[in-house]
Amino acid sequence: MTAKPKLHYTKGRGKMESVRWLLAAAGVEFEEEFIETKEDLEKLRKSGVLMFQQVPMVEIDGMKMVQTRAILSYIAGKYNLYGKDLKERAWIDMYVEGTTDLMGMIMVLPFQPADTKEKNLALMIERATTRYFPVYEK
């Protein structure tokens, strides 16, 4: 029996959430090791396992993988969730990139200046409801 994948990230959703969703869709149990302090992150950085000195990182199949897209592609391929041919993979990639664009808007919202936050929230809601949600529903 292979070891459960181990996810290294903060207690927030962020860039690790899509990895959690994909593992759940594949029916794969996983463990999480939360980075709770700056010292926890610095310890990982000093260990040399973070290729670009940042998380998320997933330990799977003897690898310490970083970069969300690479992690997702590996998991999808491993568990046959990456389409049956090149065209299906292209469609999957388009959905993934669209979701990445939408998540980018959502993730920066808490860091927006107070005077522009309401305007940016309205723009995000408009784009989500007119550009992204209709595609997913279709």
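Keep in mind that the numbers below use all heavy atoms, side chains included, and drop hydrogens, waters and symmetry copies. Because the structure is a prediction, the values reported are computed rather than measured.
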For the [atom1] atom of [X] and the [atom2] atom of [Y], what is their distance to the nearest 0.5 Å?
X	Y	atom1	atom2	answer
Q67	S73	CD	OG	11.5 Å
K43	I35	NZ	CD1	11.5 Å
L41	E39	CG	CD	10.0 Å
K15	M103	NZ	CE	9.0 Å
T129	M124	OG1	CE	10.0 Å
W21	T99	CH2	OG1	8.0 Å

Are [X] and [Y] connected in the hydrophobic side-chain network, where two residues link if heavy atoms are under 4.5 Å apart?
X	Y	answer
I92	L81	no
M105	I125	yes
Y74	L86	no
Y95	V19	no
F111	L121	no

Contact summary for [X] and [Y], nearest pair of heavy atoms:
X	Y	result
V66	Q54	CG1-O, 4.1 Å
P134	A128	CD-O, 4.0 Å
L22	A76	CD2-N, 3.8 Å
P110	I106	CD-O, 3.5 Å
I71	P56	CD1-O, 4.1 Å
F34	T10	CD2-O, 3.5 Å

Please assess M16 against V58 for the test side-chain contact (heavy atoms from CB on, under 4.5 Å), listing each intermediate value before the final yes or no.
CA-CA 9 Å; M16 188 62 87; V58 174; 4.1 Å; yes
Give a yes or no on this: more than 12 heavy atoms of other residues, nucleotides or ligands lie within 6.0 Å of atom CD of E126.
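Yes - once you tally the heavy atoms of other residues, nucleotides and ligands closer than 6.0 Å, there are more than 12.
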E36 atom CD, neighbour heavy-atom count above 12 within 6.0 Å:
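Check passes, neighbour count above 12.
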Donor-acceptor pair, side chain of [X] and main chain of [Y], under 3.5 angstrom:
X	Y	answer
D61	M63	no
Y79	A25	no
N120	K117	no

Please assess K64 against H8 for the test side-chain contact (heavy atoms from CB on, under 4.5 Å), listing each intermediate value before the final yes or no.
CA-CA 10 Å; K64 292 180 178 11; H8 297 264; over 6 Å; no
Given side chains that start at C-beta, do those of L44 and V49 come closer than 4.5 Å, heavy atoms only?
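Yes; the side chains approach each other to less than 4.5 Å.
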Does Q112 reach the side chain of K119, with side-chain heavy atoms less than 4.5 Å apart?
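In short, these two side chains do not touch, never coming nearer than 4.5 Å.
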T100 and T68: side-chain contact (heavy atoms from CB on, under 4.5 Å), yes or no, with the steps?
CA-CA 10 Å; T100 300; T68 307; over 6 Å; no
Would S18 and L72 count as a side-chain contact (heavy atoms from CB on, under 4.5 Å) if you check the C-alpha gap in whole Å, the side-chain angles of each, and the deciding distance to 0.1 Å?
CA-CA 8 Å; S18 56; L72 292 170; 3.6 Å; yes
Which residue, K6, R13, R20, K11, forms the salt bridge (charged side-chain N to carboxylate O under 4.0 Å, His left out) with E32?
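That would be R20.
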